[in-house]
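See below for the structure under consideration.
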Number of protein chains: 4
Amino acid sequence: MVNEFQHTWAIILGGSSGLGLASAKKLAESGMNICIIHRNTRVELPGIEREFESIKSIGISFLSFNIDALQPEKRQEIIRKIKSEIGSEKVKCLINSIAKGSLKSMTTENSLTTDDFLLTINAMAISLYDWTKAIFDAEMFHQDARIISFTSEGSLKPIPNYGAVSAAKATLEAISRQIAFEFAPVGIKSNCIQAGVTNTKSLQLIPNSEKIKEIAIKRNPFKRLTEPEDVANVVYLLCKEEAKWINGTIIKVDGGESL
Amino acid sequence: MVNEFQHTWAIILGGSSGLGLASAKKLAESGMNICIIHRNTRVELPGIEREFESIKSIGISFLSFNIDALQPEKRQEIIRKIKSEIGSEKVKCLINSIAKGSLKSMTTENSLTTDDFLLTINAMAISLYDWTKAIFDAEMFHQDARIISFTSEGSLKPIPNYGAVSAAKATLEAISRQIAFEFAPVGIKSNCIQAGVTNTKSLQLIPNSEKIKEIAIKRNPFKRLTEPEDVANVVYLLCKEEAKWINGTIIKVDGGESL
Amino acid sequence: MVNEFQHTWAIILGGSSGLGLASAKKLAESGMNICIIHRNTRVELPGIEREFESIKSIGISFLSFNIDALQPEKRQEIIRKIKSEIGSEKVKCLINSIAKGSLKSMTTENSLTTDDFLLTINAMAISLYDWTKAIFDAEMFHQDARIISFTSEGSLKPIPNYGAVSAAKATLEAISRQIAFEFAPVGIKSNCIQAGVTNTKSLQLIPNSEKIKEIAIKRNPFKRLTEPEDVANVVYLLCKEEAKWINGTIIKVDGGESL
Amino acid sequence: MVNEFQHTWAIILGGSSGLGLASAKKLAESGMNICIIHRNTRVELPGIEREFESIKSIGISFLSFNIDALQPEKRQEIIRKIKSEIGSEKVKCLINSIAKGSLKSMTTENSLTTDDFLLTINAMAISLYDWTKAIFDAEMFHQDARIISFTSEGSLKPIPNYGAVSAAKATLEAISRQIAFEFAPVGIKSNCIQAGVTNTKSLQLIPNSEKIKEIAIKRNPFKRLTEPEDVANVVYLLCKEEAKWINGTIIKVDGGESL
């Protein structure tokens, strides 16, 4: 059987859990080689290693780096390492699944600061540009590459304590569109997936996440939460040859929950 | 090799040219059986027959009906015929590619009438509901069916002479969302594809279509028009198992032209 | 004191209750003459007459016609009558507040029919074009006229039993945009107001309206429903000289409820 | 004649030119007191002083501060000064018209850096939150205050060299919505105005601005650019009592150009 993704790589920022990890698995099963950039504590590593082992056992090439993806020097260093590892193979897919932000109110005691906004926007949104740029400068992108990032209904809807993340998601969408526009001449397609409420580690950090899940299930026409696999499925579809004319848009993958 | 679409059918309204025909071909190549509903004059039939022959030669089952899809009695009659033909096989995919509308200005001599609006909206939009309903009532839908219809940037953007079609596309999107919402319990997913400017017969009917094509190419980040095959590719993706959590949304398939 | 609306008229379709009536009152208080087109049964008339008397008592000129605004001959007849009444005075403002539609499910026993869609879309949406056109043809529009129609979140969000109305609202918005685009050369500005959930007669006809109100109050950042006067206030603002560069858009007047 | 804005203040960030200055004039003419925060070089000051003198001559109270509105200490210092000047009078309106950002491509030699994004987003977007928060903490807001900021079509549409500004505008809109949502309990309404292409100093800094203006005029249904006064007019409308139910939205003030 022909493997459409043979000799190509996915670089997945924030790939040790949630949507990033599920995407890694799905792409690996489809034959793509996987490079995961993640940031985890020592305590979390054994569990993560088990996940990585299961990906490796699929039989694709696998790299992982436990570093801070947001530090420019680290990024350059990792890019060099990846390049030396993958040789002439190309990056077919860059996924930004970094979820790191301040969850605070605007009006209460310990409210959002300027820095909370800047750090959240940098981590979740500008990072997409920084990594796109670094891979581009290193001439590692496939001639028909796909850049995929994860947004949420929160980019347009205020949610309590979600002000900085909402701003970061709005920024992310704008940057994704601008990449779609400016990098088209080199064959890159850039899109966001707007996932429904998904039961990930990031969600659990949001105060009131139980209530959020309950409402989401009730609203959803299919009466269930979004699973990481639902989103990974569409990451896979977006990497396929047939998706090459989808560029600069936001695809809702939520079963209709946001209707 | 496993054929994921074996024993399933696509019913394609307006499938004798343009996006509908391209979708028929792509789905046939993927192993889905094809039923095309079209309305053509005798003069057009030989060319269309050649297209249909090429689809049949792929080796799937094929049906076609040259009738007015908008007449309720005809619709019921055809549904009965299809049902008797496909037996216990199911309709995996319903595609609405009907393009039939009044292209007139609001302000000039021969301007849009109430009937122009009603006929255009009925042909291009309400037909989606009517066929969905008829297939549903006949219990012919697959338990994981996909309904796909084609919209355009014109649903939100006024274009000269396009008032009735713009209204029809806006209606179509609303109906697609409502179907996504109400038919979810029976496993149906309903989505619109917003194609970029595509060089189809329907486009050529729009006054100034040469100018529209020229502007579209200039705007498009990839500097080309949308091809029917670009859209058919995404129809195929939306029929795949992996797309089952996409419901009630509009997917732009335009290379980024609408940015 | 200068009256900015002196010698101008508002024609209000569906002006005998709800948003239309509240708009009539507000504009009358601001000095605009009022012409209300409504359709009511004999039983409802005494209450309506009291409302009309209170408008007349403000001291502006007042006309009202209890007819079916959707019949072409009636429309022409009324236009002629209005023209003969207002003489050289002009129509500054046309408001479409017609609320008449089928509230049915798509999937249950007595489900939506093709005609339900067509009648609802005709009544709530195409009527905007028909009246705009008729007043335009009769050369009655002010050189800086405002066309205002009322939409709702339901144009984009499916609501149970609301399929036909949702389609009509989507159509209305498209027609409003097209009017904004095509009638700009004659000085017309056309906009929609997207009101929050308002406790009008039309709302009360929706099954489950009590639940809808309860949810709306909870969602609304100001924890109350939208009042007809809230919407009438913005109708007034849109008629002012300072609003003349607002054209072709949808203004939410809901306190932030749709966020 | 009653002055609806008597004893209230507008604080206008970036009020020495363009949309900010035009808004200051319009509000002053309507009787609101004006406080302008701006950042200008010595060379620019004489021209600006003339503008300020013409505002003062209207007869309202007037304050201005030539400082960097983005420095936290400066902000606190100015807030204290304003408070001591205005005494028990309240801030009815806060306007963010700061236009300061990097105009660079993503792909060429001297391309956008992480810092370009952060500085632009901080200056144009987070500043809205910072000033809202500072005025709120100082208990200076009117019980029915209006926060208004200026966005552009560029928040959703990529424009060459506009990547950082596009991101900033998207962030601004998200922050405006979040403010609308979280500050509603204290009576604040927050909205964005999306102006059409306006011939301001900021526009002239964009490479290709002549081309942008030319296209805008051609696209605009009224065949002219947006004037700062068009936007100032709507700032005034949004400050009126009648606009109090408009919250958390984006109002297009472009004559229909973005259609």
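Residue numbers start from 1 in every chain, and the chains themselves are labelled A, B, ... in the order their sequence lines are given, proteins ahead of strands. Everything numeric in this text was worked out from a predicted model, so none of it was measured.
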Fill in: Top contributor to chain D contacts, counting heavy-atom pairs under 4.5 Å, from C:Leu238, C:Asn191, C:Ile250, C:Asn220
C:Asn220
Discussion item. Testing D:Ile37, D:Ile98, D:Thr132, D:Asn122 one by one against D:Ser127 for a side-chain contact (heavy atoms from CB on, under 4.5 Å), which residue passes?
Written reply: D:Ile98
Worksheet item: Does the side chain of D:Asp230 pick up a donor-acceptor pair with the side chain of D:Thr226 at under 3.5 Å?
Response: no
Discussion item. What I want to find out is whether C:Glu53 reaches C:Arg50 closely enough, with some N-O distance under 4.0 Å, to be called a salt bridge.
Written reply: no
Worksheet, complete the sentence: Whatever's closer than 4.5 Å to a heavy atom in chain D on C:Ile251 counts as side chain
Worksheet, complete the sentence: Given D:Arg224, D:Lys252, D:Glu241, D:Glu229, the one with more heavy-atom pairs under 4.5 angstrom with chain C than any other is D:Arg224
Worksheet entry | Residues D:Lys25 and D:Glu51 bridged, charged N to O under 4.0 Å | yes
Item to complete: Using a strict 4.0 Å threshold on nitrogen-to-oxygen distance, state whether D:Glu257 and D:Lys223 make a salt bridge.
Response: no
Worksheet item: Quick one: do the D:Glu173 and D:Thr151 side chains pair a donor with an acceptor below 3.5 Å?
Response: yes
Item to complete: Using non-hydrogen atoms and a 4.5 Å limit, figure out which bit of D:Lys26 sits close to chain C: side chain, backbone, both or neither.
Response: side chain
Response to the item:
Whatever's closer than 4.5 Å to a heavy atom in chain C on D:Leu237 counts as both
Discussion item. Between D:Ile188 and chain C, with a heavy-atom cut-off of 4.5 Å, which part of the residue counts as in contact: side chain, backbone, both or neither?
Written reply: backbone
Worksheet entry | Structural part of D:Leu259 lying under 4.5 Å from a heavy atom of chain C | side chain
